[in-house]
Amino acid sequence: MTETKSNNGLKVIAGLLGVILLGTIIYTVSLYQDKKKTTNALKQEKDLVVEDLNSLKSEYDKAILESNATNEELVAARDNIAKYIDSVNTMKADISSLSRYRRQVSVLKAEREALLKKVDSLSQSNTLLAMERDSTYAELEKQTVFNDSLVVQNTQLADAVERGSTLGLTKQSVDAVKERNSGKLVSTSRARATDKIKVCFTVGPNSIANAGDRQFFIEVLDPQGNVLGDSMTKSNDDGASITYTKETNFYYENTSLDVCDYVNKPTSDFKEGNYMVNVYDDSLKLLGTSKFALK
């Protein structure tokens, strides 16, 4: 009887242990399945965070490529996101860390919106500045062309005034003369009888020429083409020069003026042949030429 009761007690204990073991197994399996579900959920959450970060990085890459000039703020933001991606990929996923990165993704999205708006505003400003610059360049080009035209016109006007203010001769004559004992000068065509060459010219009126003392230069060429007299030389600002026989001075008052001067014979008598007389102004411009012959 006692043995039967003992066996029944053992069976009860064994049954209880079996129930406990079965419960433990069921609980363990449930915990494993819950952990697996949690791990999968954390992995999916981690992948979503990385996906969001990669999307943000791609948008920054596109904005940097489309920017005409490298934007340091965009580059810095993109590099910062790349660091976050590396951190998430290497982290051990847990709810706390992923929640923190989720919040950070929201902050980065807001930052992206602000930066892209700023870049758009800068791009519009740069476009406007470029248009204004091009417009300014166009205006400057027009002004340059206009100024060049004015310079040309002023130069032409100055040249016209200079040409217009140049004195000219309306008449020129040359005469070989002999001086009599009384001092009277009479014309001659004989070389031995000639004492002087009388050169006369009429300066025409010019209202825009400067009034005042003027110098003209008389060049007498003998039959051999040599300059008669001491052969003095005169040069101008352009580097041109002449060898002249005599300088004649007069005062010009913008009205017609008759001027005469004399060239004395050289140490010996004048030679027979053809002579040429040229008259130059003070800028060495040839104003008139005359010829005569001595027998």
Side-chain angles (χ1 to χ4, degrees), residues 156-295:
Q156 292 175 343
L157 180 60
D159 290 342
V161 170
E162 183 178 356
R163 289 194 302 270
S165 62
T166 300
L167 299 182
L169 303 185
T170 60
K171 185 170 58 176
Q172 178 179 335
S173 62
V174 180
D175 192 18
V177 295
K178 173 180 175 61
E179 186 175 7
R180 292 183 175 176
N181 294 333
S182 61
K184 183 178 179 180
L185 297 175
V186 294
S187 297
T188 181
S189 59
R190 295 175 55 242
R192 289 187 178 181
T194 301
D195 294 315
K196 302 174 186 289
I197 295 176
K198 182 181 179 181
V199 180
C200 294
F201 51 83
T202 300
V203 182
N206 192 322
S207 59
I208 65 173
N210 293 325
D213 292 322
R214 293 300 185 99
Q215 292 179 327
F216 279 6
F217 300 93
I218 299 172
E219 178 188 57
V220 181
L221 301 178
D222 67 15
Q224 284 73 42
N226 299 318
V227 177
L228 201 67
D230 295 333
S231 300
M232 296 169 285
T233 301
K234 172 69 176 178
S235 301
N236 62 12
D237 295 335
D238 297 328
S241 63
I242 60 168
T243 301
Y244 64 95
T245 303
K246 186 172 185 178
E247 173 186 322
T248 184
N249 298 278
F250 57 92
Y251 189 85
Y252 183 71
E253 295 181 299
N254 305 103
T255 58
S256 181
L257 178 67
D258 293 326
V259 178
C260 287
D261 209 335
Y262 295 87
V263 176
N264 295 324
K265 70 177 179 180
T267 53
S268 59
D269 292 336
F270 286 101
K271 299 177 181 178
E272 295 180 1
N274 296 317
Y275 288 77
M276 177 181 291
V277 177
N278 297 317
V279 178
Y280 297 87
D281 64 10
D282 51 3
S283 62
L284 306 190
K285 177 184 178 182
L286 179 63
L287 301 180
T289 297
S290 297
K291 296 179 180 180
F292 69 99
L294 293 178
K295 300 177 182 179

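For this chain, numbers begin at 1 and follow the sequence in order.
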For the residue pair L287 and F216, establish whether any side-chain heavy-atom pair is separated by less than 4.5 Å. yes
Ring geometry between F201 and F250 (parallel below 30°, tilted from 30 to 60°, perpendicular above 60°): perpendicular
Which residue pairs pass the disulfide (SG to SG under 2.5 Å) test when at least one of the two sits in residues 180-295, sequence neighbours left out? C200-C260
Minimum heavy-atom distance E272-P223, with the two atoms named: O-CG, 3.4 Å
For D269, the salt bridge (charged side-chain N to carboxylate O under 4.0 Å, His left out) test, sequence neighbours excluded, returns K265
Would you list the pairs meeting salt bridge (charged side-chain N to carboxylate O under 4.0 Å, His left out) in which at least one residue belongs to residues 232-244, sequence neighbours left out? none
Should I197 and L228 be marked as a side-chain contact (heavy atoms from CB on, under 4.5 Å) after you check the CA-CA gap, both sets of side-chain angles, and the distance that decides it? CA-CA 11 Å; I197 295 176; L228 201 67; 4.3 Å; yes
Kindly compute the distance separating CD (E219) from NZ (K246), expressed to the nearest 0.5 Å. 15.5 Å
For the pair V227 and L221, evaluate side-chain contact (heavy atoms from CB on, under 4.5 Å) and give the outcome as yes or no after the intermediate values. CA-CA 5 Å; V227 177; L221 301 178; 3.7 Å; yes
Steps toward side-chain contact (heavy atoms from CB on, under 4.5 Å) verdict (L169, V203): CA-CA 5 Å; L169 303 185; V203 182; 4.2 Å; yes
Here the gap from N278 atom CG to F217 atom CZ, rounded to the nearest 0.5 Å, amounts to 14.0 Å
Those residues at least two apart in sequence (or on a different chain) that pass side chain to side chain contact (heavy atoms under 4.5 Å, CB included) with K295 are S189
Heavy atoms only: give me the nearest L284-S241 pair and the separation to one decimal. CD1-CA, 3.8 Å
Distance from I208 atom CD1 to T166 atom OG1, nearest 0.5 Å? 8.5 Å
When you check the gap from the basic side-chain N to the acidic O, do K271 and D222 get nearer than 4.0 Å? no
Please answer whether the main-chain N or O of S283 pairs with a side-chain N or O of N236 as donor and acceptor at a distance below 3.5 Å. yes
Check side-chain hydrogen bond (donor to acceptor under 3.5 Å, both in side chains) between Y252 and all other residues, then give those that pass, not counting sequence neighbours. none
Restricting to non-hydrogen atoms, name the atom on A176 and the atom on F292 that form the minimum distance, rounded to 0.1 Å. CB-CE1, 4.4 Å
For T245, what residues pass the side-chain hydrogen bond (donor to acceptor under 3.5 Å, both in side chains) criterion, not counting sequence neighbours? none
Mind checking what makes side-chain hydrogen bond (donor to acceptor under 3.5 Å, both in side chains) contact with T188, not counting sequence neighbours? none
Interatomic distance, NZ@K198 vs CG@L185, rounded to 0.5 Å, equals 7.5 Å
If you apply the rule side-chain contact (heavy atoms from CB on, under 4.5 Å), what do you find for Y275 with V263, and how did you get there? CA-CA 13 Å; Y275 288 77; V263 176; over 6 Å; no
Residues in salt bridge (charged side-chain N to carboxylate O under 4.0 Å, His left out) contact with D281, at least two apart in sequence or another chain: none
Any pair counted as side chain to side chain donor-acceptor pair (under 3.5 Å), so long as it reaches residues 167-180, sequence neighbours left out: Q172-S290, D175-S187
Partners of A211 by side chain to side chain contact (heavy atoms under 4.5 Å, CB included), sequence neighbours excluded? N254
All side chain to side chain contact (heavy atoms under 4.5 Å, CB included) counterparts of N249, not counting sequence neighbours: Q215, E247
For K196, salt bridge (charged side-chain N to carboxylate O under 4.0 Å, His left out) partners two or more places apart: none
